[in-house]
There are 2 protein chains.
Amino acid sequence: MPYDPSAFPPFAVTVDLVVLTVRRHALCALAVRRGEQPFQGRWALPGGFVRPDEDLAQAAARELAEETGLRAHDPAAPAQDNGAHLEQLATYGDPKRDPRMRVVSVAHLALAPDLPAPRAGGDANIARWAPVEELLQQGGYSRDGEPVAPLAFDHAQILADGVERARSKIEYSSLATAFCPPEFTVGELRRVYEAVWGVALDPRNFHRKVTGTPGFLVPTGGTTTRQGGRPAQLFRAGGATLLNPPMLRPEV
Amino acid sequence: MPYDPSAFPPFAVTVDLVVLTVRRHALCALAVRRGEQPFQGRWALPGGFVRPDEDLAQAAARELAEETGLRAHDPAAPAQDNGAHLEQLATYGDPKRDPRMRVVSVAHLALAPDLPAPRAGGDANIARWAPVEELLQQGGYSRDGEPVAPLAFDHAQILADGVERARSKIEYSSLATAFCPPEFTVGELRRVYEAVWGVALDPRNFHRKVTGTPGFLVPTGGTTTRQGGRPAQLFRAGGATLLNPPMLRPEV
DNA sequence: GTGTTTATCGTCAGGGAGACGACTATGATC
DNA sequence: GATCATAGTCGTCTCCCTGACGATAAACAC
């Protein structure tokens, strides 16, 4: 084996972010327009190099803050502090994924409540929320009739993996509350599930399930009519993070 | 922000392997003894540097072959080809996780049927299968009464994450069959679940569940008495990879 | 007031899981 | 060879959860 294990090839290590939110009943992801080669002018996921003294989670939290202003939710902190949920997704290291050099990207998944338009911060000049459906369709046309170019690098794969992670994880965890503001109604939570899964759920059975699961929802006492109709109770996310038995995703 | 994004700090990138198997009713992991500093003489997970022209999955498969002789199971190939299941687990990049230099390790999880004693190949002079329970206890004593040193680097964390992944994944997938030989009985599969979860399962309910799930098990027509008792039907793993509804892990 | 929208409570039938009884087919032991 | 221990396999019963869906409640728009 003519390989010297004492030497090691240098890699660049980056973090890329799949930042998901629910806007107008659609699952949306944060996309930035690339200002330089390669893939100049194409949409990409936000991300950047990991700094020499930084942990991977720190780098991801820093990028998230630069792009959205969101603080990352500390996994050690028990209660919702209005920060976004942030977790490692997967790592992508195909030797040809970046034509310039050997880059290994540690993708992270962030879930955030509906936010105002993203602020243009850091190196990214243009950023926007785009429906994932639109970002993932290859070479089609968007709802506005504009031609859609696929995402830069292997970001379509990363985004697809992130969406799949979110879709499966809200089944058996209380993670869907990360898409909601600190106080929310059962109906708002249901619309999150419907947007993420792309299905319609029965409001009565959903209500029974989430209110009947101990520790999932905590009533705050308040009510709201911001969705119209009869006033709905407001809840906060409870301490339970695992849903057992899970919420069942309807077939097909 | 006094940081130049056009420069990038070089990292070493490695793959580490959590190779799990079931031996004598216990969940075991492959451990190698370190021959050099740091952590000389301590047990560690097998692993090594990613080569310049290698994908991460390729590097993991190469390391797995070097340590165990196992071919990795190609995720694209439909049928069991007696290769081990191999999947990416998570990436660990704390700046201080290796005292020598900045190393980012992409951990992979491999599941293998019970194998003969590991062959000493590649750089690792000594390798062994050790019960994960023993590898994970901090500074205690093994069943033989010998003092146990914790695993090198952050490998205890990686191993714990890999075990947790395996424990949760056999709930909703047919992955437990990766611990079995190509043909196996329902009882052998049940003992896999019992070893991985560390619980006792009702043989009758387990039999009903796995034989009643379409596509999970395919009878081969043969029988065996290698476990003693009444001859048992032999099965191969069916095409179904997702178990719906999942196998329920008993509480506590 | 009437209609519309959303929230919430109830009812009912069907399926799956846990608990466990019963029977079967081997090898081991006396 | 009779008996026993061991494993495998089939059934039954009850409970709980789910999906389907009726009914009522409380707001707003006209």
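Letters go in sequence order (proteins before strands), and every chain restarts at 1. Side chains included, hydrogens not; waters and symmetry mates left out as well; all remaining heavy atoms used.
Separating the CZ atom of B:Phe235 from the C1' atom of D:dG8 is a distance of 11 Å, rounded to the nearest angstrom. Counting to the nearest Å, the C1' atom of D:dG8 and the CG atom of B:Leu217 are 14 Å from each other. Rounded to whole Å, atom C1' of C:dT24 lies 14 Å from atom CD of B:Gln233. Taking atom CZ on B:Arg226 and atom C1' on D:dA7, their separation rounds to 14 Å, with Å as the unit. Put simply, CD on A:Gln227 is 7 Å from P on C:dA7, counting in whole angstrom units. Straight-line distance from the CG atom of A:Leu234 to the C1' atom of D:dA27: 15 Å, rounded to whole Å. Between the CG atom of A:Asn205 and the P atom of C:dG14 there is a distance of 16 Å, rounded to whole Å. Taking atom CE on A:Met247 and atom C1' on D:dG19, their separation rounds to 14 Å, with Å as the unit.
With C:dG18, D:dC21, D:dG8 as the candidates, the nucleotide lying closest to the side chain of A:Asp202 is D:dC21. Taking every side-chain heavy atom of B:Pro231 into account, C:dT26 is the closest of C:dT26, C:dA7, C:dT8.
Contact between the side-chain N/O atoms of B:His207 and the OP1/OP2 oxygens of D:dG8 is not found at any separation under 4.0 Å. Dashed line: the shortest gap from a side-chain N or O of B:Lys209 to OP1 or OP2 of C:dA17 is under 4.0 Å.
A donor and an acceptor atom never sit less than 3.5 Å apart when one is taken from the side chain of A:Arg208 and the other from the base of C:dG10.
Between A:Glu188 and B:Arg204, the residue anchored closer to the 5' end of DNA chain C is A:Glu188, taking for each the nucleotide with the nearest heavy atom. Each of B:Pro245 and B:Arg230 was assigned the nucleotide of DNA chain C with the nearest heavy atom; the assignment lying further toward the 5' end belongs to B:Pro245.
Residue B:Arg191 is in sugar-phosphate contact alone, with no base atom involved, counting any heavy-atom pair closer than 4.0 Å across all strands shown.
The two residues A:Ala127 and A:Val32 make their nearest non-hydrogen contact at CB-CG1, 3.9 Å. Looking at every heavy atom in both residues, B:Ala29 comes nearest to B:Leu135 through CB-CD1, 4.0 Å.
For the pair A:Arg24 and A:Trp129, the cation-pi test (distance below 6.0 Å, angle within 45°) is failed.
A donor-acceptor pair shorter than 3.5 Å can be found between the side chains of B:Tyr92 and B:Asp161. Using modelled atom types, one finds a donor on one side chain and an acceptor on the other under 3.5 Å when comparing B:Glu87 with B:His85.
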